[in-house]
Undergrad: 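Please find one structure pasted underneath; my questions will follow.
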Amino acid sequence: VKAPPPHQPITPETTSAPSTLRDWFWLPGGLGVAAGVGSTVFLVQANADADQLRQAAADPANHRLTLDQANTIRAAGATHATLGYAFAAVAAVGIGVGGYFFFAGNPSQPVAIRILPGPTGLVVSGDFR
């Protein structure tokens, strides 16, 4: 290997293919799957809260709850259900975007993402083909 003249920097001679949407399908898809797991956890907990209230209503002798306890369980169940449905929506969007990246992300068209400072913070823009 011949050394370059002193006025030229040493640069590696590697060429890599440009990044495409198909190369990044796993990121939104993986986040969608993770949100789906979170949705399942919250919806199962909401169902458990509802079951606890149903048991207390059906058999108050064996499943006693005070009004405060019942209200606390109802509020927790409503919170768990809301979070479960929100995570389900995020999961659907993530898996949908990941699917779009995989099936429509033509390997011959590059992805260009720019992150620049803006007047109110960072601005993210890009070309997705």
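Here the structure is a predicted model, which means the values were calculated and not measured.
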Undergrad: Kindly write out the residues that satisfy side-chain contact (heavy atoms from CB on, under 4.5 Å) with Val97, not counting sequence neighbours, or none if the list is empty.
TA: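 Partners of Val97 under the side-chain contact (heavy atoms from CB on, under 4.5 Å) test: Pro28, Val93, Phe101.
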Undergrad: Applying ring pair (Phe, Tyr, Trp, His ring centres under 6.0 Å), can you list everything that pairs with Phe102, at least two apart in sequence or on another chain?
TA: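 Once residues adjacent in sequence are excluded, the partners of Phe102 under the ring pair (Phe, Tyr, Trp, His ring centres under 6.0 Å) criterion are Phe25.
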Undergrad: Under 4.5 Å side-chain heavy-atom separation, chaining through any Ile, Leu, Val, Met, Phe, Trp or Tyr, what else clusters with Val41? Say none if it is isolated.
TA: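 Members alongside Val41: none; it stands by itself.
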Undergrad: Taking side-chain contact (heavy atoms from CB on, under 4.5 Å) as the test, write out the residues that go with Ala56, two or more places apart.
TA: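 If we apply the side-chain contact (heavy atoms from CB on, under 4.5 Å) test to Ala56, skipping adjacent residues, the hits are His63, Leu65.
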Undergrad: State which residues pass side chain to side chain donor-acceptor pair (under 3.5 Å) with Arg54; sequence neighbours excluded, sorted by chain then number.
TA: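 Arg54: side chain to side chain donor-acceptor pair (under 3.5 Å) contacts with Asp51.
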Undergrad: Please identify each residue that fulfils side chain to side chain donor-acceptor pair (under 3.5 Å) with Asp68, with sequence neighbours left out.
TA: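 In terms of side chain to side chain donor-acceptor pair (under 3.5 Å), with neighbours along the sequence ignored, Asp68 is linked to no residue.
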Undergrad: Filter on salt bridge (charged side-chain N to carboxylate O under 4.0 Å, His left out), then keep only pairs touching residues 72-94, sequence neighbours left out; what's left?
TA: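 Counting only pairs at least two positions apart or across chains, no salt bridge (charged side-chain N to carboxylate O under 4.0 Å, His left out) contact touches residues 72-94.
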Undergrad: Who are the side chain to side chain donor-acceptor pair (under 3.5 Å) partners of Gln45, not counting sequence neighbours?
TA: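 Only Asp49 meet the side chain to side chain donor-acceptor pair (under 3.5 Å) criterion with Gln45.
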Undergrad: Roughly how far apart are Leu27 CG and Leu21 CG, rounded to 0.5 Å?
TA: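 It is 11.5 Å, given to the nearest 0.5 Å.
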Undergrad: Please identify each residue that fulfils side-chain contact (heavy atoms from CB on, under 4.5 Å) with Ala81, with sequence neighbours left out.
TA: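 Ala81: side-chain contact (heavy atoms from CB on, under 4.5 Å) contacts with Ala46, Tyr85.
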Undergrad: Identify the two heavy atoms, one from Leu53 and one from Ala70, that lie closest to each other, and give their separation to 0.1 Å.
TA: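 Closest approach of Leu53 to Ala70: CD2-O, 3.8 Å.
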Undergrad: If hydrophobic residues (ILVMFWY) are linked whenever their side-chain heavy atoms come closer than 4.5 Å, directly or via other members, who joins Phe42 in its cluster?
TA: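 Via sub-4.5 Å side-chain contacts, Phe42 links to Leu83, Phe87.
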Undergrad: Please check: side-chain N/O of Thr40 versus main-chain N/O of Gly36, any donor-acceptor pairing under 3.5 Å?
TA: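 Yes, the answer is positive, given that a donor and an acceptor are paired below the 3.5 Å cut-off.
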Undergrad: Starting from Val44, walk the hydrophobic network (Ile, Leu, Val, Met, Phe, Trp, Tyr; side-chain heavy atoms closer than 4.5 Å) and list everyone else you reach, by chain and number.
TA: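 When side chains under 4.5 Å apart are linked, Val44 ends up in no cluster with other residues.
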Undergrad: Same cluster for Trp26 and Tyr100 if Ile/Leu/Val/Met/Phe/Trp/Tyr side chains link at under 4.5 Å?
TA: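 In one cluster: yes.
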